[in-house]
Amino acid sequence: MEAGPSESVDVKRILIVEDESIIALSESMLLKKKGYAVDIASSGEAALDRMENGPIPNLILMDIDLGRGIDGTVTARTILQRRKLPIVFLTSHSSEDMVAKVRDITRYGYIIKNSGDFVMLSSIEMAFDLFDKERLLEEKNLLLQRAENTVRIGFWFISQGSSTISLSNGARAILGIETESCSFEEFQGRVLGDSADARAEAFRVLIENGKPYDISYRIRRSDTGEIVTLRSSARVCENSIVGVFQDISEIEGLLGDLRESEARQAITLRSIGDGVISTDIGGRVVGMNRMAERLTGWNQGDAKGCHITEVFEIVNATTRAPVENPVQKVIASGYVVGLANHTVLIAQDGTERHIADSAAPIKDDNGALLGMVLVFRDVTSEYRAQETIRHNEEVFRTLFTDSHTPMLLVDPRTGEIEESNRAAERFYGWPMAKLRQMNIAEINVLGPGEIAEEMNRAIRSLRTEFRFKHRLADGQIRQVRVASGPIDIDGKGHLLSIINDATEAYKTEVELGAERERSGLLMRDANHRMKNNAQMISSLIQLQMGGMEDPQALSALRELQNRIACMTVLYDQLSEDNGNKAVSSLYYIDSLLDVVSASYLPSHVTLRKNICDVMLETRFSLSLGLITGELITNACKYAFPTGTEGCIWIEFAEHGDEAITLVVGDNGIGMQASPGLGGETVREGIGLCIVRNLVAQEMGTMELNTNGEGTSIRCSFPANVSRKKR
């Protein structure tokens, strides 16, 4: 049965759980007459359903024996697990075992059925009173526990004649103890160091003389072993000792941090790069740091008590008129005040420095002015730098405006022309005012994307020289050479472009290019003719050799033919190199070796080479080719006469800017010696004689080393003679 629409929210609701419907109806009528709202459940299951889906009662009258289904005790336990409310049991039994059955479930009453209306109503009222008092007590305990947790305090007391300390929830949380009490000895054992003796003495005086104490000591928590600092006070109250302690570890830490912070601030104030002076409300110096002492020339001892205007003398840098001291402005206005520009501080010894400063008020928590603090720094170097910048900007402006070379200042982000000079006005034909309203895309004939790309290269300094076609006001297109790079003005990046009309120069350059092309064609043709002539001579020699039988003559003609072939290799490379007057050593020597190897290299001999790539002068290349050919030919012909396996090697190397070397060697029988005027000398043939003369011709030197295990010849040439100039 649920409350009707007119039922007051203050009416208490009772749920009767009774399997006997007549008894339930009788109890319901009695309770309703007393102003209660009543619901009835005929079984434990129905009662649980009511608790889930019906109005929540303020009290339950629970029959213990509910017949079929779960009994009253199980139903009560289930309800109390979900919700806290008073349950009064009803039963027809008065035996002690029945009372014991429900004692550990609830203590709100046990009513014997048919004991009378007065007993039932009185039991219900007492249950309501007991429940309200327990709830109030729980609320107070909860508030106390919250208060304890908030300020980290705990309460304890010891009854007279007892050695057991009873602890509140907060006290247990601070000590790390789960039990509601501990022995005095156990607690005292947690107190650390000298503070244990101090606490024991304070407690003894409290017991003997009744003198309260308020002391601090450290303890070790029982659960974590953490050390905490407690502030504890206790006094005798009637027959008990009541105490409270507070965990002040965090406060101690904050105080320590505060002391450390004050020490750091003091160190910082002494070592800070700015000068700091503090004054009282009358403008008298209270303190100053070392930088303030250095800048003003006053030491703190002498300055203390002096008026700020004596210690901090400032004038205008230009007019030399005294500047109003900012401290006086702060005291008068109560606001932060800064110095004007061009302020000079005159130190006690007369030294002058440009300074920047600000003064701020010092106020208490109520906003009352206590004094002020002045912070200032030496900006002499910055002032001079700014003056230099201003001067340079004036110089730049003059050079830019009055230059006879067209100049444009362009915004690299948009291409807008921000500035132009008179020379640009004359060159392009637009007035300067018009140019400053134009975009560079209206002048440069490139597309917008290409212009943006080129400006990006210029602003990043990836490129500084450009060739463009620019459009003039009369429609002409002129070839221009533009030197463009980034420039910073007032903290903003710009592109400064210097324009030179290169139309005529480009025409000349094109003509020179055509002339070089013609010269290259002529050079290639000449080299081709030289190559053909050399091949013709070689062919004539070949024809001559066809009718000869003398081995020595045939050998001499073959060597001559080989020398011509070496020369042909050079002209062949020159004719293929577009008329270039330089030869690649790597390609050239490789080609020479192919020619010599085809004619002279025995099959049982290997050729090893190590050649660096150097661009050689044409004249030197001819000598180098003949020298290389002669040395390789000699090694092939004479180093391995018995047909033994061997190796010939050639090395061509560059040694910085000093020299170029050619080394030809073998591991053959070595060169034979013959008597000479100075003793044993190496017998030289026509080939070695040619080599010596060619080396001397190229201002080089030759070293010959020979023995029974081989021969090596090293030729060195000055780099400035042999190498193509870079």
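Computation of the quantities below employed the complete heavy-atom set of this structure, encompassing side-chain atoms and omitting hydrogens, waters and symmetry-equivalent molecules.
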Between the side chain of [X] and the main-chain N/O of [Y], is any donor-acceptor distance below 3.5 Å?
| X | Y | result |
| --- | --- | --- |
| R220 | G225 | yes |
| T75 | D71 | yes |
| R50 | P55 | no |
| R82 | L48 | no |
| R221 | I174 | yes |
| E18 | E20 | yes |
| T78 | V74 | yes |
| N289 | A292 | yes |
| N299 | G301 | yes |
| E293 | Q300 | yes |

| said: So for atom CG, which belongs to L462, do other residues, nucleotides or ligands contribute more than 12 heavy atoms lying within a distance under 6.0 Å? | reply: yes

| message | Around atom CD of E352, are there more than 12 heavy atoms from other residues, nucleotides or ligands closer than 6.0 Å? | response | yes

| query | Can you name the side-chain contact (heavy atoms from CB on, under 4.5 Å) partners of S240, sequence neighbours left out? | reply | S159

| said: Quick check: F245 with F155 (ring centres under 6.0 Å apart)? | reply: no

Using residues 119-126 as the side-chain source, report each donor-acceptor pair under 3.5 Å to any protein atom, sequence neighbours left out, with the distance given to one decimal.
from	atom 1	to	atom 2	distance (Å)
S122	OG	F118	O	2.8
S123	OG	V119	O	2.8

Heavy atoms only: give me the nearest [X]-[Y] pair and the separation to one decimal.
| X | Y | value |
| --- | --- | --- |
| P361 | L369 | CB-CD1, 3.5 Å |
| V38 | S28 | CG1-OG, 3.5 Å |
| A198 | I215 | O-CD1, 4.3 Å |
| W298 | E310 | CZ2-O, 3.7 Å |
| A127 | L59 | CB-CD1, 3.7 Å |
| S181 | T164 | CB-CG2, 3.6 Å |

Atom [atom1] of [X] and atom [atom2] of [Y]: how far apart are they, to the nearest 0.5 Å?
| X | Y | atom1 | atom2 | answer |
| --- | --- | --- | --- | --- |
| R294 | T351 | CZ | OG1 | 10.5 Å |
| M62 | L15 | CE | CG | 7.0 Å |
| I277 | L374 | CD1 | CG | 5.5 Å |
| D223 | I177 | CG | CD1 | 9.0 Å |
| Q348 | D302 | CD | CG | 7.0 Å |
| L167 | R172 | CG | CZ | 7.0 Å |

With side chains defined as the heavy atoms from C-beta onward, is the minimum distance between [X] and [Y] less than 4.5 Å?
| X | Y | answer |
| --- | --- | --- |
| E45 | I70 | yes |
| V344 | N316 | no |
| V285 | D280 | no |
| R235 | Y213 | no |
| R413 | K492 | yes |
| N58 | I14 | no |
| P212 | S233 | no |
| L295 | D378 | yes |

| task | Could you check L230 against I219 for side-chain contact (heavy atoms from CB on, under 4.5 Å), going step by step and ending with a plain yes or no? | result | CA-CA 7 Å; L230 302 182; I219 66 160; 3.8 Å; yes

| task | Please identify each residue that fulfils side-chain hydrogen bond (donor to acceptor under 3.5 Å, both in side chains) with E208, with sequence neighbours left out. | result | R204

| Where do F376 and L345 land on the side-chain contact (heavy atoms from CB on, under 4.5 Å) test, with the steps shown first? | CA-CA 10 Å; F376 57 99; L345 171 66; 4.1 Å; yes

| request: Could you go through the side-chain contact (heavy atoms from CB on, under 4.5 Å) check for I158 and F203 one step at a time? | output: CA-CA 12 Å; I158 303 175; F203 194 79; 3.9 Å; yes

| request: Would you please test I60 and V17 for side-chain contact (heavy atoms from CB on, under 4.5 Å) and show each step? | output: CA-CA 7 Å; I60 298 176; V17 185; 3.8 Å; yes

